[in-house]
**Q** 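Sharing a structure, written as structure tokens. Questions coming.
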Number of protein chains: 2
Amino acid sequence: MPTRSAAQRQAEAKVVYDAFVATCPTRQVFATLSDKWVGLTVNALSGGPMRHGELRKKIAGASQKMLTQTLRLLERDGLVTRTVTPTVPLRVDYELTQLGWTLVPVMAAVKKWSETHIQEIMAARDDYEASELRKH
Amino acid sequence: MPTRSAAQRQAEAKVVYDAFVATCPTRQVFATLSDKWVGLTVNALSGGPMRHGELRKKIAGASQKMLTQTLRLLERDGLVTRTVTPTVPLRVDYELTQLGWTLVPVMAAVKKWSETHIQEIMAARDDYEASELRKH
DNA sequence: CGGCATCCCATGCGATACTG
DNA sequence: CAGTATCGCATGGGATGCCG
């Protein structure tokens, strides 16, 4: 006789999340983290709370629309809090939540990797291009 | 009298790469890493060399086109090698390069984070949705 | 089997203009 | 200053069909 019911075993089995599975909810989260604006925003906020305008300056090239959209997404997923101070003009501060902070080292590592290996990558591109030319 | 020429100082200054700068080449690399197919492919290849078809099975939902496109990109950037065995039918193996391996822990961390915090995120979404409803 | 070319639609995202 | 709404273009990416 089993010590757990079939339903219980299934419930436990469901806990085995795997982003390789297309229908797994983690795939969607993985896709979210794989968004450059999300990554840059989390990296930016790792320096402390920031206002909307400050973030736009920090993250060069981010349109106001993309930034708002990204911040809403992060807020919805519980990674960022949005605090409105109803002064005139309006003041809005964004800050990482506890959950958001757990993501910081991960995203920082991605940014760091880009900056550390850029030269190897550019060299590889030159090589690749050169060998492509040789073919034709 | 300076110990380094202006040109030398500038050459050194150029080494200060920062993905926050839109025109910085690292931004482009950061954007590349922020591609879910890139992330999933690197994660998949961390288990060892794989054939095109094997990768497609592993990475559920990846179309043949996207996979080829992603692999070409990784090959061009020196992260993956492509080995063709001219048998019939054709056999093509993909394998991480030494540079590619340095990226594995980073991408594995992203995948791991997704799988570890999915429940907190789903809970946050429920909360968010509930508070949105309360507003209207 | 692995890959390229073509077609084509859905959406991502910037630009602009307006509100609180 | 922060945010929403609208328009319109660019491109991401699937489906299909043909070659090595």
Side-chain angles (χ1 to χ4, degrees), chain A residues 19-20 22-23 27-28 30-41 44-45 49-77 80-95 128 131-133 135-136, chain B residues 21-23 27-28 30-41 44-45 49-77 80-95 128 131-132 135-136:
Chain A
F20 281 131
T23 54
R27 166 67 74 87
Q28 194 197 340
F30 186 85
T32 297
L33 302 188
S34 300
D35 176 308
K36 67 175 175 183
W37 300 122
V38 167
L40 289 169
T41 303
L45 288 174
M50 293 182 82
R51 302 182 58 174
H52 183 104
E54 293 173 328
L55 280 166
R56 273 200 75 185
K57 261 185 292 179
K58 179 93 178 175
I59 306 171
S63 68
Q64 185 269 355
K65 180 180 174 180
M66 280 316 298
L67 191 53
T68 298
Q69 192 172 302
T70 301
L71 289 165
R72 284 285 178 287
L73 180 74
L74 293 174
E75 190 193 359
R76 186 186 67 127
D77 283 1
V80 159
T81 57
R82 176 170 179 273
T83 309
V84 180
T85 312
T87 52
V88 176
L90 204 61
R91 178 191 176 101
V92 181
D93 286 273
Y94 292 95
E95 185 172 8
Y128 186 84
S131 66
E132 284 301 296
L133 284 178
K135 285 184 189 172
H136 312 294
Chain B
V21 180
T23 54
R27 167 67 75 86
Q28 193 197 341
F30 187 85
T32 297
L33 301 189
S34 300
D35 177 307
K36 68 174 172 181
W37 299 123
V38 167
L40 289 170
T41 302
L45 287 174
M50 291 183 83
R51 301 181 59 175
H52 182 104
E54 293 174 330
L55 279 166
R56 275 200 72 183
K57 262 184 293 181
K58 180 92 176 175
I59 307 170
S63 67
Q64 183 269 351
K65 179 182 174 178
M66 282 316 297
L67 190 53
T68 298
Q69 192 173 302
T70 301
L71 288 165
R72 283 285 177 288
L73 180 74
L74 293 174
E75 190 193 358
R76 185 186 69 125
D77 284 359
V80 159
T81 56
R82 177 170 179 271
T83 308
V84 180
T85 310
T87 52
V88 177
L90 203 61
R91 179 192 176 100
V92 181
D93 285 273
Y94 293 94
E95 186 171 8
Y128 186 84
S131 67
E132 284 301 296
K135 286 183 189 171
H136 313 293

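Every value quoted in this text rests on a predicted model; they were computed, and no experiment measured them. A, B, ... follow the sequence lines: proteins, then strands. Residue 1 opens every chain.
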**Q** End-to-end bend of the helix from C:dG2-D:dC19 to C:dG20-D:dC1 (five-pair axes, 10° rounding)?
**A** 40°
**Q** In whole angstrom, what separates A:K36's NZ from C:dG12's P?
**A** 14 Å
**Q** What's the CD-P distance between A:Q69 and C:dT11, to the nearest Å?
**A** 13 Å
**Q** Does B:K65 or B:L71 map to a spot on DNA chain C nearer the 5' end, using the closest nucleotide for each?
**A** B:L71
**Q** Do B:Q64 and C:dG2 share a donor-acceptor pair, side chain to base, under 3.5 Å?
**A** no
**Q** Do the side-chain N or O atoms of A:S63 get closer than 4.0 angstrom to the phosphate oxygens (OP1, OP2) of C:dG14?
**A** yes
**Q** With respect to the phosphate group of C:dG2, does any side-chain polar atom (N or O) of B:R82 fall under 4.0 Å of OP1 or OP2?
**A** no
**Q** How about A:F20 and B:K57: do any of their side-chain heavy atoms sit closer than 4.5 Å?
**A** no
**Q** About how many Å separate OG1 of A:T81 and CG of A:D93, when rounded to the nearest 0.5 Å?
**A** 9.0 Å
**Q** Donor-acceptor pair, distance only, cut-off 3.5 Å: does the side chain of B:S131 make one with the backbone of B:Y128?
**A** yes
**Q** May I have the distance from A:L67 (atom CG) to C:dC13 (atom P), rounded to whole angstrom?
**A** 13 Å
**Q** Is there side-chain contact between A:T32 and A:L74, with heavy atoms separated by less than 4.5 Å?
**A** no
**Q** How many whole angstroms separate atom CZ of B:R91 from atom P of C:dC1?
**A** 12 Å
**Q** At a heavy-atom distance below 4.0 Å, which nucleotide of DNA chain D is the first touched by chain A, and which is the last?
**A** D:dC1 to D:dT4
**Q** Does B:R51 reach a base, just sugar-phosphate, or nothing at all? Heavy atoms under 4.0 Å.
**A** sugar-phosphate
**Q** For B:T87 and B:P89, indicate whether the former's side chain and the latter's backbone hold a donor-acceptor pair under 3.5 Å.
**A** yes
**Q** So what does A:R72 touch, heavy atoms closer than 4.0 Å: a base, only the sugar-phosphate, or nothing?
**A** sugar-phosphate
**Q** Do B:H52 and B:L67 have side chains that approach each other closer than 4.5 Å (heavy atoms only, starting at C-beta)?
**A** yes
**Q** Quickly work out the B:Y94 OH to C:dG2 P distance and round it to whole Å.
**A** 8 Å
**Q** Taking side chain as C-beta onward, heavy atoms only, is B:E132 less than 4.5 Å from A:R76?
**A** no
**Q** Starting from P on C:dC1, measure out to CG on B:L90 and report it in whole angstrom.
**A** 11 Å
**Q** Between the main-chain N or O of B:A60 and the side-chain N or O of A:R27, is there a donor-acceptor pair closer than 3.5 Å?
**A** yes
**Q** How far does CG of B:D35 sit from OG1 of B:T41, to the nearest 0.5 angstrom?
**A** 8.0 Å
